[in-house]
Every structure is written in structure tokens, then in C-alpha cells.
Amino acid sequence: MSFANFGLSDEIIRAVTERGYTVPTPIQLQAIPAVLAGGDLLAGAQTGTGKTAGFTLPILHRLSDKSIKGPSSGRPPIRALILVPTRELAAQVEESVRDYGKYLKLSSMIMIGGVNINPQITRLKSRVDILVATPGRLLDHVQQKTLDLSHVEILVLDEADRMLDMGFIRDIRKILALLPKQRQNLLFSATLSDEIQILADNLLNKPVMIEVARRNATADKVTHVVHPVDRERKRDLLAHLIKQHRWQQVLVFTRTKHGANKLAEYLIASGIPSLAIHGNKSQAARTRALAEFKTGSLPVLVATDIAARGIDISELPHVVNFELPNVAEDYVHRIGRTARAGAEGDAVSLVCVDELKLLTDIERLIKRDLPSRVIAGFEPDPRIKAEPIINGRSGGPRGMTHARSQPSGRTGAKPAARRPTGIARPAAGRAPAQNRSGGRGR
Ligand code: AMP
């Protein structure tokens, strides 16, 4: 099966071929014909599966297909709206739209917050066929009456589960009310939860449903390793690993914004150029850091989960969990950034005694034990006791939803069994209560 079999236009095939794709991914095999057929779609697929091309290619085809009637006079209206949760994802999706559509006479625009609105207002005065937007800035334009969505033919909600997680549901409802009733709706979500199902029931009309395997079922191209290490020595170990292995491009995850800043500062002081990206950084700083990292001129990017959401770097070789995520699913999202679409990569986790319960949760989720290897010179000190994980440091003075009080019990109970590698696990059934109430400290 090749892209030519879908009946996509020659211009699109040419762009896809130049991009180096030869075989469609499973999501593309299912999504492209469904979208070309014109009906609604509910797709369970996460980043890394090739979902962006899965909706972009058929949308480009439909919008450029003369046999499908568009409006005949006046300035052409916006015909496709792609809503995404984060600015980074918007940038990537819009770049893909431009790239795959480079031989077509269609024009796209990105609309995100964190940057001056005036250039966007100017841009809207000329032709925009495909708009890629985050909900907040889109509604700013609606309020300023600078945006007309009354001719949208195709709506995409990308990473819909994240949009709900980030509290965008009311914004989405407002936006839906601005669209024509008659349109094609495509909903993409990594998880098909009850909440997503409710959204889908309201939004979609007899959708084709497709689901591709989650990465945790297929991520066998990723080599996982856990390095047990003391809390206070993680920074040294990370610098050691980067230098020893001469890693050129490594994405490092921390739990908090503050932690991301501190770690980047430490690495710089150790002679390793690094930048942190998180929600408190300006959009310009985030974009610059990401661009430098993508081109390879910046070897280390330190990110929180939200900031890294949707980052697409092809063949990213190394992902380091400087701290394990509070929510096991985020491990899967994090390592979804490596070994993408056929490449190989490794996922290194630096795990201290505080995080053993989190590690157990991850292993349960991905249904495998992660191999553990102590690095000589960084052996954990068995006398160090587990401490509660403070999630909320990054929440700022107001605390907001980030700051959660800790459960009164200690996070890591006394280790009951030691692994030969030196990492200890809490006794089965006696795992201490972790704070899992959703405070992700981003
Ligand atoms: P996505 O899930 O859309 O973020 O895409 C993940 C990565 O896979 C991106 O780097 C794409 O450029 C790449 N990709 C998408 N489709 C294909 C394909 N058919 N063959 C190879 N790589 C692809």
C-alpha cells in the first residue's frame, strides 16, 4: 500500500514523497479514506502515530478538489479549522499543512496566544483556507470581530483529551456555536474516555471510528532503562551521562517549572548548553528554544509535560525522565517523543527512592518491568529514606491547581525488597498513598 493508492492529488503525493514517506502508517491507512469520503471521524491515536498527516492530507485534497463546490465569489472564506491544545502543537500542525500543501494553491495560518494579535488581524485580511488555532486566541479574535468562521466546512479537534484536561471545554462549545451546522467533524484523541465519548456524541454525526494501538503496546523500538540514584545526585548523573555518551540531542523531563529552570542552569554551569521550556516562558522563548533544539544546535531541552506536549522531533534519540511523572500515562506520552515512526531511541529514567511507587505504577501500565542499572560512582545510599514528592512548587503564589498539599504519610514506605541492581520497591500491598489527585505541577 502506498500513498498513491488513496487517490490523493499528484501535488500532495509529490510533497509526501519529498518528505520521505513511502508507506502510510496504520492511522493514515484508516483515516485518509474515511476523511476523503466526507463523513465524520472519531480517531483514537496519539502523537507519534502519524495522525497529523492522517487528517491533513485528505483535508488538503478535499479543499483543493474542484469537484467539491466551494463558495464562488468574494474573498475566499476559512474552510477548515484545526483546533489544538497548545501553541507548540499548533506550530507543528500548521508547518505540516504548509509542507504537505506546498504544491497546492491553498493558504494556511497559525493563530496562537502569547504573541501580538495585530499581525494576526492583518493576516486575516488576506486569504486563509486552513486555520490552525488554540482556543483562547481564537476567541479573542471572535470578540474583536476579526474572524469569520461561518463558512468552515471541516473541523478538526486534535488531542481532544488534552483540550478537556486543560479546561477548554467551554471554549470549544463557544467555538462550535460559531460554525455552520453542515460540516465535516474529525475528532482525534489519545484516549477514548467517557468524557471524550460524550463530546463525540454531541459533535459527531455517525462517525467512522478508528483506533490504533497505543504506543505503550508498540513501543518496542524504545530501549528503556532505569538508573537508580539518590535524589541529590541526579543532576550530576545526568551531566555525566550526557558527557560520557556524547549525547547530542536529549529531551529531559522534570515535574515542575522551577525544577526545569534549576536543572537547565545547572547543566549550563557544567558546560552543557541547555534551555528550559514551560508555561511561564514567553512564547518567543519557547519557540526559539524548540527551534534550536530541533536543528541540533541546542543539545539539551528541559521540559515539563505540558510544554513538551505534541513536540514533534523526528528520530529524537534520547528522552530522559529526570523525575518520573506523577501520572503513569505521562510516561507513555514522554517516551512517545522518541523512536517515532520507525526510528530507534532510548528512554532513560533517573529514579530515586521517593519515586518507587511511581515506577511500579508505570510498569503496571506498560505491562513490563523496566530494566534497572546502577551507574558506577552513583550507587544509591541505602540509608537515605523516601520523602514525599512535592508537586506544587511550580504553582506560584496562588497555588492554583498545581499546588497540592501532601498526604500526611511518607511517600515511600520502608523498602521491603531490594533488587540486585540496588533499587528497592515498596512491599506489595503496602504501597503508600501517593498524591495522585491530579496535581501535575506544570
Ligand atoms: P504525528 O503523530 O502526526 O505527530 O507524526 C509523527 C511523526 O511521524 C512525524 O515526525 C511525521 O513526520 C512522521 N510520519 C508521519 N507519517 C509518516 C509516514 N507515513 N512514514 C514515515 N514517517 C511518518
Side-chain angles (χ1 to χ4, degrees), residues 1 6 23-59 80-86 89-90 92-93 96 132 135 154-169 172 176 183-222 305-306 308-312 325 327-342 362 364-367:
M1 180 74 188
F6 291 121
V23 183
T25 65
I27 188 81
Q28 290 162 0
L29 277 175
Q30 300 179 71
I32 293 174
V35 180
L36 286 175
D40 285 2
L41 176 70
L42 173 58
Q46 56 190 121
T47 330
T49 53
K51 68 183 167 64
T52 315
F55 61 77
T56 305
L57 302 180
I59 288 176
L81 171 63
I82 302 172
L83 278 180
V84 301
T86 66
L89 186 60
Q92 278 169 205
V93 170
S96 295
V132 184
I154 308 174
L155 168 74
V156 180
L157 290 187
D158 192 15
E159 304 207 348
D161 50 347
R162 283 284 150 166
M163 288 207 248
L164 299 188
D165 279 358
M166 292 168 74
F168 283 138
I169 186 67
I172 291 172
L176 293 179
R183 57 171 199 264
Q184 183 177 19
N185 300 292
L186 316 175
L187 195 156
F188 285 76
S189 178
T191 52
L192 296 179
S193 61
D194 291 350
E195 243 186 323
I196 290 292
Q197 206 60 57
I198 292 167
L199 179 66
D201 289 347
N202 288 324
L203 180 70
L204 307 177
N205 180 23
K206 300 198 188 87
V208 171
M209 289 185 56
I210 58 181
E211 196 169 0
V212 295
R214 288 179 61 89
R215 260 211 106 81
N216 57 356
T218 59
D220 45 15
K221 293 240 169 61
V222 181
D305 289 278
I306 281 282
R309 182 73 201 153
I311 289 181
D312 171 23
V327 178
E329 282 80 4
D330 281 347
Y331 181 86
V332 180
H333 286 301
R334 288 178 177 188
I335 65 158
R337 268 119 272 287
T338 185
R340 321 195 72 182
I362 290 165
R364 198 172 294 144
L365 177 76
I366 65 173
K367 299 192 177 68

Would you name the heavy atoms of [X] and [Y] that are closest together and state the gap between them?
X: A190; Y: Q46; result: CB-CB, 3.6 Å
X: R183; Y: L176; result: NH2-CD2, 3.8 Å
X: M163; Y: P135; result: SD-CG, 4.2 Å
X: G38; Y: Q184; result: C-NE2, 3.2 Å
X: V35; Y: G54; result: CG2-O, 4.4 Å
X: K51; Y: A45; result: CD-O, 3.7 Å

request  = Could you please spell out the steps behind the side chain to side chain contact (heavy atoms under 4.5 Å, CB included) verdict for T25 and T49?
outcome  = CA-CA 7 Å; T25 65; T49 53; 5.6 Å; no
request  = Output yes when D201 and K206 qualify as a salt bridge under the 4.0 Å nitrogen-oxygen rule, no when they do not.
outcome  =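 Salt bridge flag = no for K206 with D201.
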inquiry  = Quick test of your reading of the model: are E329 and R334 salt-bridged, counting only N-O distances below 4.0 Å?
reply    =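 Looking at R334 together with E329, the answer is no, because their closest N to O distance does not fall below 4.0 Å.
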task = Carefully, step by step, assess L57 and L36 under the rule side chain to side chain contact (heavy atoms under 4.5 Å, CB included).
result = CA-CA 9 Å; L57 302 180; L36 286 175; over 6 Å; no
Side-chain donor/acceptor of [X] to backbone N/O of [Y], under 3.5 Å:
X: E195; Y: D161; answer: no
X: Q30; Y: I27; answer: no
X: N185; Y: L155; answer: no
X: E159; Y: F188; answer: no
X: T52; Y: V93; answer: no
X: S189; Y: T191; answer: yes

4.5 Å side-chain heavy-atom contact, M166 and T86 =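 Yes, side chains in contact.
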task = Would you check if P325 and I362 make a side-chain contact, meaning some heavy-atom pair closer than 4.5 Å?
result =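 In contact.
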message = Name the residue from V132, I154, L186 that meets the side chain to side chain contact (heavy atoms under 4.5 Å, CB included) definition with I82.
response =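 Considering V132, I154, L186, a side chain to side chain contact (heavy atoms under 4.5 Å, CB included) with I82 is found only for V132.
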request  = Identify which one of I196, D40, L192 satisfies the side chain to side chain contact (heavy atoms under 4.5 Å, CB included) criterion when paired with L187.
outcome  =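 Output: one option passes, namely I196.
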inquiry  = Using side chain to side chain contact (heavy atoms under 4.5 Å, CB included), reason through F6 and L29 one step at a time and then give a plain yes or no.
reply    = CA-CA 9 Å; F6 291 121; L29 277 175; 4.1 Å; yes
Straight-line distance of [X] [atom1] to [Y] [atom2], nearest 0.5 Å:
X: L157; Y: L41; atom1: CG; atom2: CG; result: 11.5 Å
X: I366; Y: Y331; atom1: CD1; atom2: OH; result: 5.5 Å
X: L83; Y: D158; atom1: CG; atom2: CG; result: 9.5 Å
X: L42; Y: E211; atom1: CG; atom2: CD; result: 8.5 Å

task = Take I169 and L199 through the side chain to side chain contact (heavy atoms under 4.5 Å, CB included) test and state the conclusion after the steps.
result = CA-CA 9 Å; I169 186 67; L199 179 66; 3.9 Å; yes
ask   = When you look at CG of D194, are more than 12 heavy atoms from neighbouring residues, nucleotides or ligands closer to it than 6.0 Å?
value =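 Not buried by this count: 12 neighbours or fewer within 6.0 Å.
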